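To start, the structure itself, in structure tokens.
Note that the structure is predicted; figures quoted are calculated from it, not measured. Order of the sequence lines fixes the chain letters, A, B, ..., with proteins taken first and strands second; residue numbering starts at 1 for each chain.
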Amino acid sequence: MLKLRVLFEKTGKAKYTSHLDLMNVFRRSFNRAGIPIHYTQGFNPHPYLSVAMPLPTAFDGKAELLDFDLDADEIPTDFIDRLNASLPEGLSVKDVYERQTAPKDIVWADYTVCVHGDGLSAESVEKLLSRDELLIMKKSKSGEKEVNLREFIHSFTVTDTEYGVSIRAILSAGNVKTINPTYLVVAIEKYMPDVSVQYADYCREVCLTGEMKAFM
Amino acid sequence: MLTTKEKLSKILPQVQKPSRYVGGEYGEIVKDKQSVDVSVAFCFPDTYEIGMSHLGMKILYGLYNSLPYCRCERVFAPWTDMEERLRAENIPLYALESGDALEEFDIIAFTLLYEMCYTNVLNMLDMAGIPVRACDRGDSLKNLVMAGGPCTCNPEPMADFVDLFQIGEGEEMGVEVLDLYRRAKRENMTKKEFLRLAADIEGVYVPSLYEPQYDGDGNLKKVIPLDGVKPVVNKRIVKDLDSMYFPESIVVPSTEIVHDRVSIEIQRGCIRGCRFCQAGHTYRPIRQKSVETIVKQTKALIEQTGYDEVSLSSLSTSDYRELGPLCDRLIDYCDPKHVSLSIPSQRLDKFNLELMERIQRVRKSGLTFAPEAGSQRLRDVINKNITESDLLNAAAIAFSGGWNSVKLYFMIGLPTETSEDLDGIVNLSRKVVWTWRQHTTKKDRGVKVTASASSFVPKPHTPFQWVPQATLEEIREKQAYLREKMRVAKGVTFNYHDSSTSVLEGVLSRGDRRIGAVIYEAWKRGCRFDSWDELFKPDVWDSCFADLGIRPSYYANRRRFYDECLPWDHIFHGVSKEHLWKEYRASLSGVLSSDCSVKCSGCGATKLMGGKCDA
């Protein structure tokens, strides 16, 4: 039995598949591709499938990771092709390998946020996000809490675009400290009242370890 | 100015379950529109989760796409939050595969599964920018509105909105209609010309070519066929289920739906003749698929979909002659692949423990039995050939086999029903609890016996089509009576639904063409998703009836007569009116009729088979 990890992209129409649904999609795709995933023993056998870091629904993900166990001694050479042929539109496997790391190593995530609206400029958004104090209300399971968004931002750049601005930001992620990039837009809407935001597209480019290396 | 794509990017994250509106699922068939001659938008008038669970849609989607000259795409009713946003942004209703607006399609095809979806049909047409009434749509072939499905057994209430009904089974008829449409398009026929030709196809009903006439008292006198069309429309059947079209691939949703599994039909029709049951009568004659065909189709779909559950579908699976050998073959295939087999619709007098044990290793789900009526007398009236000892034997087998959850289905408001019959529901439920106490191997787990009572709605093409439906007040009285009695029945949970939907269902199912005006008005006043409790507006429907001067009680609660012209008399579904009336008279004296495997009752279905049926 091999402990494997699949690197895949989740974009386009697959953006709207929720995390829970994604597990079922992969399970059925493995079945269709004839890939023997390992089932747990016991009264109610089920396959072991786990996503390292769930992606919020409606986000694109360029470097998503799925862990599973394979009932075989080696990875079939046509694994990637077979699995890709069985996946729905918007999901595409880039690589498969034996996993060495655990999700707890994730500390940061690298996002691209495309903000569509009027009155936006890279200069003004950069100025806003550079403030020492950027208070917003952060929602959690226990309710809402006021936090300083600045504490969750590692680094960022902002570029002007025809539709508004594009923000590339490395934000806290993982079990210990995490922030949803939608709060960047919340901050813009709160502190820049002259700006009118129509909507925003979010893409997680990759998750990073504490040493700022891509989490694989 | 945002493009439609950008507008959708904005809207989709705001609504519930955005994946409903996106497409891109595995198995989706997307054809290049330049390469086809005919386009069909297959519209399911309810949500994505319900529509994608429906076997009929999977069959027809595959069938129409199997024609090289045709592209068929799916459309589902947007939920109210999405509808609001689509209308606000001026985005017309679109099909999932291509994103093309509905009005770009040649044929708009609806499946009518239940009467309570009618307002959704109108709403979807409106959201597409297509005039809701046939008379407002002009004489172009474009945007022809077609409908099929179970409700077509009485198509009259929807006659104002639909150009062509496919009545009965679509596997062959559908292809003939599309072939004709393709020819009509090539030859630049008008809609009228096309419809006149289509009316000659077996099973096709064109309402504009049939004129209902009423007498001085407003009763239906007769339905007149115009322009030489056949006076009676025989529903279409497929005689040989083994050679019949069945898809080898289906669309696999990426999101959770109501039934996430492969569904395989094993037979059509039913031999039992329960007098309340519309499906059992309208799907006659009985035809079985061979074990070989079923196994082949199951393997093909399990492989293509990757699903881990298969469900065998039929009206009365226990009556499938080779159920044992079929299950053996299927279990041999399914077990090593971790695929579970589900066999619903079993009769309780044929409950087979050995079979159940093999297919349900983990007794997680409960069992459902349907005695339908609480007393033997009333069960005989409805011809449900089940005795109390049949039920208690089945329960005993189930409980000693380890099950501890049983659901009992009953109906209230059945003809000739008295309070003694209602008492019977309570007594039967209590006896099931006692049976558990006697037979269970795990007393400390407790038992869950749920008695569920739905309100009986008399349906067309059944022996009870002449029977007055119980009024809302009568039903509520019966529910209150049962609730009182059930309170002291230990171990029994009593379930019942608010019956205002049953009242409307009664009018819509046995209505005539004049009901179309009410449906139109109700839709105009905001009714949609009427089968959903949270959205159903009985007060609005009531005021529509009142404002239009149409009495619901005329359709639902009036006792009808044999020589009366019924709105569906010109649609033949395999069972003759004489046979239905004979059965109705027998029911009033509580006389049982045996099922088709014992003795042929001459119901008339052999007419459709062109010979003996397969009972």
Return the option, out of B:Ile302, B:Leu2, B:Val22, with the maximum number of heavy-atom pairs under 4.5 Å with chain A.
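Heavy-atom pair counts peak at B:Val22.
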
Highest number of heavy-atom pairs under 4.5 Å with chain A: which of B:Glu256, B:Glu6, B:Lys17?
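Among B:Glu256, B:Glu6, B:Lys17, the one with the most close pairs to chain A is B:Glu6.
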
Taking the six-membered ring of A:Phe59 (Phe, Tyr or Trp), confirm whether the NZ or CZ of A:Lys10 is under 6.0 Å from its centre and within 45° of its axis.
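No - A:Lys10 does not lie over the ring of A:Phe59 by the 6.0 Å and 45° rule.
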
Would A:Arg27 pass as a cation-pi partner of A:Phe68, given that its NZ or CZ must be under 6.0 Å from the six-membered ring centre and within 45 degrees of the axis?
no

Less than 3.5 Å apart, any donor N or O on the side chain of A:Asp21 or B:Ser254 sitting next to an acceptor on the other?
no

Between the side chains of B:Lys407 and B:Ser405, is a donor N or O closer than 3.5 angstrom to an acceptor N or O?
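The criterion, which ignores hydrogens and geometry beyond distance, is not satisfied for B:Ser405 and B:Lys407.
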
Are more than 12 heavy atoms from other residues, nucleotides or ligands located less than 6.0 Å from atom [atom1] of [X]?
X: A:Lys138; atom1: NZ; answer: yes
X: B:Asp332; atom1: CG; answer: yes
X: A:Lys177; atom1: NZ; answer: yes

Has the side chain of A:Asn148 got a donor or acceptor atom that lies under 3.5 Å from a matching backbone atom of A:Leu134?
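Yes; judged by distance alone, with no hydrogens or angles, the pair exists.
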
Using only atom types and a distance under 3.5 Å, with no angle test, would you say the side chain of A:Asp110 pairs donor to acceptor with the backbone of A:Leu208?
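Looks like no, no N/O pair under 3.5 Å.
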
Salt-bridge present (B:Glu25, A:Lys13; N to O < 4.0 Å)
no

A:Phe30 versus chain B, heavy atoms under 4.5 Å apart: side chain, backbone, both or neither?
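Contact with chain B involves no heavy atom of A:Phe30 at all.
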
Chain B heavy atoms under 4.5 Å from A:Leu87: which part of the residue, side chain, backbone, both or neither?
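Contact with chain B: backbone only.
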
Suppose we call two aromatic rings close when their centres sit under 6.0 Å apart. Are A:Phe26 and A:Phe8 close by that rule?
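Aromatic pair counts; centres sit under 6.0 Å.
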
For the interface with chain B, which of A:Ser86, A:Pro36, A:Pro47 has the highest count of heavy-atom pairs at distances below 4.5 Å?
A:Ser86

Contacts with chain A made by residues 89-100 of chain B (heavy-atom distance under 4.5 Å), listed by residue number
B:Leu96, B:Glu97

Contact listing (chain A partner; residues 41-58 of chain B; heavy atom under 4.5 Å)
none

Determine, stepwise, if the pair A:Arg28 / A:Asn31 fulfils side-chain hydrogen bond (donor to acceptor under 3.5 Å, both in side chains).
CA-CA 5 Å; A:Arg28 289 192 286 258; A:Asn31 288 344; over 6 Å; no

Let me see the working for B:Trp79 and B:Phe529 under ring pair (Phe, Tyr, Trp, His ring centres under 6.0 Å), right down to the final yes or no.
CA-CA 9 Å; B:Trp79 192 247; B:Phe529 287 108; 4.6 Å; yes

Contact part of B:Ile11 toward chain A, heavy-atom cut-off under 4.5 Å: side chain, backbone, both or neither?
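For B:Ile11, there is no contact with chain A at all, as no heavy atom is under 4.5 Å.
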
Side chain, backbone, both or neither: which part of B:Gln304 has a non-hydrogen atom closer than 4.5 Å to chain A?
backbone

